[in-house]
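One structure is given below, encoded as structure tokens.
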Amino acid sequence: MRKTFYLLALSAALSTFAFAESFTGNLLDATCYQSTNKAESCAASGTTRAFALEVSGKVLKLDESGNQKAAAAVKNRADRAAEPGKPQSTKIMAKVEGTEAGGTITTQAIDIQ
């Protein structure tokens with residue numbers, strides 16, 4: 001009985017990954033966007049703590065795990081080391097793997113492009 005329960009629980013957990021989607025868009029500061037509703041003026045930065053992703057005109061918030069992953073990725077952006085004297089682009093494109101429900105992405109992975 002215990003083995004059966006374990007296998008069912010494992011199957012349920014792994015099935016979550018089977019339904020993951022890929023979202024690619026502009027990474028935003030969710031707090032700024034919530035107050036202004038303007039994606040253009042709410043680019044994410046190294047101090048952002050709550051993130052959202054603008055995908056084809058729709059803005060989706062990231063869950064807490066996604067916020068932590070995005071914060072780490074933004075701080076370690078690849079183009080930071082490319083040309084130290086050149087200012088970074090304010091627009092940050094990201095690819096997020098996860099599932100969306102109710103306007104929030106449950107994030108499994110994030111890649112800053």
Side-chain angles (χ1 to χ4, degrees):
M1 180 69 148
R2 185 179 275 183
K3 221 178 220 186
T4 303
F5 178 74
Y6 175 74
L7 288 174
L8 286 174
L10 182 63
S11 296
L14 292 177
S15 69
T16 304
F17 293 111
F19 297 113
E21 298 176 66
S22 179
F23 303 91
T24 302
N26 185 21
L27 199 61
L28 304 174
D29 182 323
T31 306
C32 171
Y33 181 78
Q34 187 176 6
S35 64
T36 65
N37 284 333
K38 294 180 182 180
E40 304 82 35
S41 61
C42 292
S45 70
T47 60
T48 302
R49 296 290 169 245
F51 293 87
L53 190 70
E54 179 187 27
V55 181
S56 302
K58 184 176 180 182
V59 176
L60 304 168
K61 293 188 289 183
L62 300 184
D63 65 341
E64 188 58 38
S65 171
N67 287 332
Q68 293 171 357
K69 291 173 185 174
V74 168
K75 287 180 183 174
N76 297 317
R77 283 176 66 182
D79 65 346
R80 178 175 292 189
E83 292 184 45
K86 182 181 173 187
Q88 288 184 324
S89 165
T90 57
K91 192 172 192 177
I92 301 173
M93 297 300 290
K95 180 179 179 183
V96 177
E97 300 287 332
T99 54
E100 187 266 330
T104 301
I105 301 173
T106 302
T107 309
Q108 294 172 354
I110 188 166
D111 180 39
I112 300 294
Q113 301 172 345

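Bear in mind that the values here come from a model prediction, so they are computed numbers and not experimental data.
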Report the distance from atom CD of Gln108 to atom CD of Glu21, rounding to the nearest 0.5 Å.
10.0 Å

Are Ile92 and Val55 connected into the same hydrophobic cluster when the rule is that any two of I, L, V, M, F, W, Y join if their side-chain heavy atoms are below 4.5 Å apart?
yes

Euclidean distance, Thr107 OG1 relative to Glu100 CD, rounded to 0.5 Å
11.0 Å

Is a side-chain N or O of Gln34 found less than 3.5 angstrom from the main chain of Asn37, in a donor-acceptor match?
no

Spacing of OG1 belonging to Thr48 relative to NZ belonging to Lys75, to within rounding of 0.5 Å
10.0 Å

Should Phe23 and Val74 be regarded as members of a common hydrophobic cluster, given that ILVMFWY residues are connected when their side-chain heavy atoms come within less than 4.5 Å of each other, either directly or indirectly?
yes

Flag yes if more than 12 heavy atoms outside Lys69 fall under 6.0 Å of its NZ atom; otherwise flag no.
yes

Heavy-atom closest pair (Ala50 atom, Thr31 atom, distance to 0.1 Å) is CB-OG1, 3.8 Å

Stepwise side chain to side chain contact (heavy atoms under 4.5 Å, CB included) test for Phe51 and Leu28:
CA-CA 6 Å; Phe51 293 87; Leu28 304 174; over 6 Å; no

Under a 3.5 Å distance rule, please check whether Asp29 uses its side chain to pair with a backbone N or O of Ala43 as donor and acceptor.
no

Separation of Arg49 CZ from Glu64 CD (nearest 0.5 Å)
11.0 Å

Any donor-acceptor pair under 3.5 Å linking the side chain of Thr36 with the backbone of Lys38?
yes

Find out whether Leu60 and Thr104 are in side-chain contact, i.e. whether some heavy atom of one side chain is under 4.5 Å from a heavy atom of the other.
no

Hey, mind stepping through Ile112 and Leu27 against side chain to side chain contact (heavy atoms under 4.5 Å, CB included) and telling me if it holds?
CA-CA 9 Å; Ile112 300 294; Leu27 199 61; 3.7 Å; yes

Not counting sequence neighbours, which residues clear side-chain contact (heavy atoms from CB on, under 4.5 Å) with Gln113? List them please.
Thr24, Met93, Lys95, Asp111

Is there a side chain to side chain contact (heavy atoms under 4.5 Å, CB included) between Ile105 and Thr99 once you walk through the steps?
CA-CA 5 Å; Ile105 301 173; Thr99 54; over 6 Å; no

